[in-house]
2 protein chains.
Amino acid sequence: MTRRPQNTRDRLTQTAARLFQRSGYNGVGLTEILTEARAPKGSLYHHFPKGKQDLALAAASWASDGMRDMIAASFNDAQDFRAGVTTLCHKIAKLFDSSPQWETCPIAATLFESPDNPTFRDHADRLYESWIEDVRGHAERFGVAHPDMAADTLFIVMQGGWQLARARRDSNVLRRLPEHIPWDRFQPDGECGLTRPDPDR
Amino acid sequence: MTRRPQNTRDRLTQTAARLFQRSGYNGVGLTEILTEARAPKGSLYHHFPKGKQDLALAAASWASDGMRDMIAASFNDAQDFRAGVTTLCHKIAKLFDSSPQWETCPIAATLFESPDNPTFRDHADRLYESWIEDVRGHAERFGVAHPDMAADTLFIVMQGGWQLARARRDSNVLRRLPEHIPWDRFQPDGECGLTRPDPDR
DNA sequence: AATGCTCTGGACCAATCGGTCCAATCATTT
DNA sequence: AAATGATTGGACCGATTGGTCCAGAGCATT
């Protein structure tokens, strides 16, 4: 949230991230990015030799870092896993309200437009998995029953909820997201055959 | 699944739907659509006066109808709501496996690239709500506790699951989707104050 | 002051974009 | 057979696309 991105590279990355989120990778031209970032074309191809593709990868990574910060902020000082999830949902809802342009998952908008591009696919996969792994870490820390599944559930519900909130133009969909999660399956005394991995600590 | 779409209009619609799903609205040029549909430019602007926009709306509607057919086929001869959901998830997983190009929700890919275009937004909203309303109808018919919420949950989980399956390139994510749904909240003898709407039948 | 970098500015390019226009053709109806 | 409207074929258009290229500005270190 720096008010003045110093170097041209960061300015390009963040401007591109914002515009890609709004209109998708193919929906934004280099001219538009360059104009808004107040940078000439030469700078772009100096910092990003492969042009638009490199820029998209950098923009997606930057956006992903923002999401990971939000995940950390939500879970770090939470009482339990469920509280962390609730906080995260509210944070996302607030973000949804604050900017009408934040309307697509930044990763999906930037990297999911060309299924034939393996570089984009792999990068998106890696970024998504980093979110899920972060959440799984917190789930383990709080001792939930199936941390892997809990992390997957949260990801699924967040992505789907985002989509529904967008269609309905209603951030409350995101705030009510915890209601769609099967909490009893994640309680430490789960009914499943799996035992808790680490009781103490 | 007709092998030979008769008239040019249908051929254009279906080709466009397929290509938009693959690369998004802005990722496909008219030339590509015209070539694959074996139609000249004059035909396009005869059947779709507003050009690409009209074509996108028609393509999204067509794709949406396919999804609604799938929903109907899954729930119509199901024993209960949960069985219908499971069948639907397996059908979607099969679809995911069958064509590597079916990689984005067709509605999102076609209509969600320009947030500033209210026509697209409204159309997408309407199509999504028709899916949800269909599912809600089946939920009511099977007497689940909170049909509105059940339908929302299914939509959210399907959309998010789709995304995760795409990132992991694994259709089993879709098959395991029922595990992420809080079924106990939808049982007729729910813990909530609401009573069942229709006990017999 | 001179050198050797990084970085910027923008002219320029071929290709493609969505869209227009109209003559030719097709299928009906009279 | 003639006439009529629906449909097709494709040439053509200006605008924009992502990308190339290089002169020169800026800024260190020598």
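Order of the sequence lines fixes the chain letters, A, B, ..., with proteins taken first and strands second; residue numbering starts at 1 for each chain.
Ring orientation note: the planes of A:Y25 and A:F20 are tilted relative to one another, at an angle of 30° to 60°. Ring geometry for A:F75 versus A:F81: interplanar angle under 30°, hence parallel rather than tilted (30 to 60°).
Contact between the side-chain N/O atoms of A:T8 and the OP1/OP2 oxygens of C:dC7 is not found at any separation under 4.0 Å. Taking only side-chain nitrogens and oxygens, A:T31 never comes nearer than 4.0 Å to OP1 or OP2 of D:dT16. Phosphate proximity of C:dG10 to A:K41: absent, as no side-chain N or O sits under 4.0 Å from OP1 or OP2. Contact between the side-chain N/O atoms of A:H47 and the OP1/OP2 oxygens of C:dT6 is not found at any separation under 4.0 Å.
B:E32 has its CD atom 16 Å from the C1' atom of D:dT17, to the nearest Å. The distance from atom CZ of B:F48 to atom C1' of C:dT20 is 18 Å, rounded to the nearest whole Å. Rounded to a whole Å, the NE2 atom of B:H46 is 17 Å from the C1' atom of D:dG10. For B:L34 and C:dC17, the CG to P distance is 11 Å, given to the nearest whole Å. Look at CG on A:L30: it is 17 Å from P on C:dG10, rounded to the nearest Å. Between the CG atom of B:N26 and the P atom of D:dA15 there is a distance of 20 Å, given to the nearest Å. Rounded to a whole Å, the CZ atom of A:R11 is 13 Å from the P atom of C:dC7. Rounded to whole angstrom, the span from the OH atom of A:Y45 across to the C1' atom of C:dC13 amounts to 13 Å.
The residue B:G29 sits close only to the backbone: its heavy atoms come under 4.0 Å of sugar-phosphate atoms, none of a base.
If you take CZ on B:R22 and OG on B:S99, they are separated by 11.5 Å, rounding to the nearest 0.5 Å.
Contact check on A:D69 versus A:K91 returns no salt bridge, with no Lys/Arg side-chain nitrogen under 4.0 Å from an Asp/Glu carboxylate oxygen. Look at A:R169 and B:D122 and you find a salt bridge, because one of the NZ, NE, NH1 or NH2 atoms lies within 4.0 Å of a carboxylate O, short of that distance.
Looking at B:D134, B:N76, B:I132, B:T87 one by one, the single match for side chain to side chain contact (heavy atoms under 4.5 Å, CB included) with B:I71 turns out to be B:D134.
A residue-by-residue look at B:R9 and A:Q53 shows that B:R9 has its nearest nucleotide of DNA chain D further toward the 5' end.
Each end of the helix from C:dA1-D:dT30 to C:dT30-D:dA1 gets its own axis from five base pairs, and the two axes differ in direction by 0°, given to 10 degrees.
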Test log, rule salt bridge (charged side-chain N to carboxylate O under 4.0 Å, His left out), inputs A:D148 and A:R136: CA-CA 6 Å; A:D148 287 329; A:R136 187 176 55 79; 3.4 Å; yes
